[in-house]
Amino acid sequence: MSEQRRVLVAGVGNIFLGDDGFGPEVLRRLAERGRASGTQSIPEGVRLVDYGIRGVHLAYDLLDGWEALVLVDALPDRGEPGAIRVFEVDPEHGGGGGLDAHSMDPASVFASLAALGGTAPRTVVVGCEVRSVADGIGLSQEVASVVDDAVAAVLALVEDPPRRAAAAAADPGEEG
């Protein structure tokens, strides 16, 4: 019998600002995949939520004690729009002040969580470099073309949650 996982997958971003809607679009595709027959379903214990720009809602949900958080978000353009980046973040070193009900910046979410008395779980970001975050609905071609790659990255993470993956990497001689 396997232990119950508790992984929160949070799509964040503003669908009215072009590529900033990357996180919500990835969550929409994941939800569709979970309903479709014949495709890899979402494992038990994994919760998918499109938070949009509701940072304080995410902070409150993180009080529920999750094993891991996968944040799906748009990343600043560093010269390679459409590039998918997967990396772990340290919520302890994100800056930010106290409770901020109007911010969706991950550092602000972690600061709000701390102000509420909670601690962040191990956190991995699945992000995509944007082409444009100008007013408008819809992703640029570069970003839209990699949404399925981001879905695959999220599925890989929830199949082997970050805590377990890190433990396996630290002790490759043991099998689980």
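- The backbone N or O of G65 sits less than 3.5 Å from a side-chain atom of R6, completing a donor-acceptor pair.
- By the side-chain contact (heavy atoms from CB on, under 4.5 Å) test, A152 is found to be paired with no residue, residues two or more places apart in sequence or in another chain being considered.
- Interatomic distance, Y60 OH to L116 CG, rounded to the nearest 0.5 Å: 4.5 Å.
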Item to check | Chi angles and distances behind the side chain to side chain contact (heavy atoms under 4.5 Å, CB included) call for V70, V7 | outcome: CA-CA 7 Å; V70 178; V7 179; 4.2 Å; yes
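- Here the closest non-hydrogen pair linking G118 and L63 is CA-CD2, 3.6 Å.
- Linking ILVMFWY side-chain heavy atoms closer than 4.5 Å, directly or via other members, places V133 and V125 in two distinct hydrophobic clusters.
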Item to check | V72/V9 under side chain to side chain contact (heavy atoms under 4.5 Å, CB included): CA gap, chis, key distance, verdict | outcome: CA-CA 7 Å; V72 185; V9 179; 4.1 Å; yes
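- In this structure, CG in L17 is found 8.5 Å from CD1 in I53, a value given to the nearest 0.5 Å.
- Taking every heavy atom of both residues into account, I42 and L30 meet most closely at CD1-O, 3.9 Å.
- Using a 4.5 Å cut-off on side-chain heavy atoms (C-beta onward), D73 and F22 make no contact.
- Only one option out of T123, L62, L69, L71 pairs with V109 in a side-chain contact (heavy atoms from CB on, under 4.5 Å); it is L62.
- Every residue meeting the side-chain contact (heavy atoms from CB on, under 4.5 Å) condition with A153, not counting sequence neighbours, appears here in chain and number order: V86, V126.
- Here the side chains of L8 and D64 are not in contact, with every heavy-atom distance at 4.5 Å or above.
- The two residues A150 and I84 make their nearest non-hydrogen contact at CB-CD1, 4.0 Å.
- In this structure, the side chain of R29 does not engage the main chain of V26 through any donor-acceptor pair within 3.5 Å.
- In this structure, CD1 on I15 lies 11.0 Å from CZ on R28, to the nearest 0.5 angstrom.
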Next on the checklist: One pair to check against side chain to side chain contact (heavy atoms under 4.5 Å, CB included): R122 and E67. What are the steps and the verdict?
Outcome noted: CA-CA 7 Å; R122 177 168 234 122; E67 176 182 341; over 6 Å; no
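- D149 pairs by the side-chain hydrogen bond (donor to acceptor under 3.5 Å, both in side chains) definition with nothing, not counting sequence neighbours.
- Looking at every heavy atom in both residues, L48 comes nearest to A31 through CD1-N, 4.0 Å.
- Taken from CZ in F16 to CD1 in I137, the straight-line distance is 5.0 Å, to the nearest 0.5 Å.
- For D77, the side-chain contact (heavy atoms from CB on, under 4.5 Å) partners at least two apart in sequence or on another chain are P81, E129, V130.
- Here the straight-line distance linking atom CG of D19 with atom OG of S132 works out to 6.5 Å at 0.5 Å rounding.
- Inter-residue side-chain proximity for L58 and L113 is flagged as unmet; no heavy-atom pair is nearer than 4.5 Å.
- Every residue two or more places apart in sequence or in another chain was checked for a side-chain hydrogen bond (donor to acceptor under 3.5 Å, both in side chains) with D20, and none qualifies.
- If you chain together hydrophobic residues whose side chains sit under 4.5 Å apart, V147 and V124 fall into the same group.
- Annotation for S112 and A59: closest pair CB-CB, 3.9 Å, computed over non-hydrogen atoms.
- In this structure, E80 and R85 have side chains that are in contact, with non-hydrogen atoms separated by less than 4.5 Å.
- Applying the salt bridge (Lys or Arg N to Asp or Glu O under 4.0 Å) rule to R47 yields the partners D61; only residues at least two apart in sequence or on another chain are considered.
- To the nearest 0.5 Å, atom CZ of residue R131 and atom CD of residue Q141 are 10.0 Å apart.
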